[in-house]
Amino acid sequence: MRISSDFDGGNIICRACDDPGDIRLEIRRDANSHFYQWFHYRLTGARGQDCVMQIVNAGGAAYVGGWPDYRAVASYDRRRWFRVPATSFDRDAGVLTIRHAPERDAVWYAYFAPYSMERHADLVAEIAAASPLVRLEVAGATLDGQDIDLLHIGRDDGKPKRQCWVIARQHPGETMAEWWMEGFLRRLVDPDDALARSLLAEAVFHVVPNMNPDGSRRGHLRTNAAGANLNREWNDPQPWRSPEVLHVRAAMQETGVDFALDVHGDEALPYNFIAGPHGIPSLQPRQIALMHDFQAALVRACPDFQTARGYPEAAPGKADLSMCTNWIAETFGCLAMTLEMPFKDNADARDPAAGWSPERSRKLGAAALDAIDAVVDRLR
Ligand code: ZN
């Protein structure tokens, strides 16, 4: 029996795996950081055995509220990910236990369906080759030397266009954000999709499918190679600490921004929701009105989205301007929002087999085009 995680996006430390009934694991911290919660590992040689896998440091993870009602995901073929029903959290002991009898010689377990950097490369290649309307730019390099891919999608017909920015995966363990991107990008470049075509008559899209390649490949939850939480770097990004934000911010300043959506996942709340730029010093009623119209259109396009639950709004003047959404809304005076998807499931429409999943993330991504279309005329 063997536990391994030395692969793209892998994360686990094996403390004991001699006895299938007593496998003890720890999640490795993000480099130069105290955050951890993402796990992804392979178990081999345990076919048909009742395995009890204890993640013994789960109680010290970044979001302990993420563990109650949580079920780990598993896969035999790394394509179809299913939930492991017998996942439980002992709050007093701080231990997450996954009980599973694998039906195959190899089984992968993870916090959420992984999205590897190889898959990212496939997505960028697919989209860049899909349409002459797509231009791929490398916005810069990460600290580990990876490319920061930036896709510009639009028609250069001399008519003025709204500048729409969509970014994902500042937090690399929130892999649902890049599954969302697959649905969003594939629909945007689909020449047979009438709504995408009409949207591209009015808007240009600038899309960063993965803001944090280093954290993604290293198997981090929340930070880049330097241990920086990129979504707290927007007011003062530094080349030695957060080049990802520095380069993308510079590209935004070149194009201007009329619309921004920053795509994330939330460990604890079992809902899809939007967090707006409440509390920025220059907040205008039109920013909030546009946000409400965007939300209403997204509910209509994809009922997995909802508006009843979410984060508390920041009080006037109390917004954290180091966060992407707040910095953009303050700097450009435009509609800027954070989209959160669940790690667990949508509690309003549960799927016992898959929970919140890559497929549902993709559908929500595709539906976001309807919601952008509902506000695009009024963005400036
Ligand atoms: Zn996040």
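Atoms within a ligand are numbered from 1 in the order they appear, just like the ligands themselves. We count residues from 1, following the sequence as given.
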For H120, the option from D147, N210, D149 that meets side-chain hydrogen bond (donor to acceptor under 3.5 Å, both in side chains): D149
Below 30° counts as parallel, above 60° as perpendicular, anything between as tilted: where do the rings of W234 and W327 land? tilted
Look at D320 together with R232 and state whether they make a salt bridge at an N to O cut-off of under 4.0 Å.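 Salt bridge: yes.
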Please give me the protein atoms (N, O or S only) lying under 2.8 Å from the Zn ion (ligand 1), ordered by chain and number.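 Near the Zn ion (ligand 1), below 2.8 Å, one finds H171 ND1, E174 OE1, E174 OE2, H264 ND1.
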Other residues, nucleotides, ligands: >12 heavy atoms within 6.0 Å of R47 CZ: yes
Tell me which one of V263, N229, N231 satisfies side chain to side chain contact (heavy atoms under 4.5 Å, CB included) with Q170.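 By the side chain to side chain contact (heavy atoms under 4.5 Å, CB included) criterion, Q170 pairs with just one of V263, N229, N231: N231.
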Which residue pairs pass the ring pair (Phe, Tyr, Trp, His ring centres under 6.0 Å) test when at least one of the two sits in residues 145-165, sequence neighbours left out? H152-H206, W165-H206
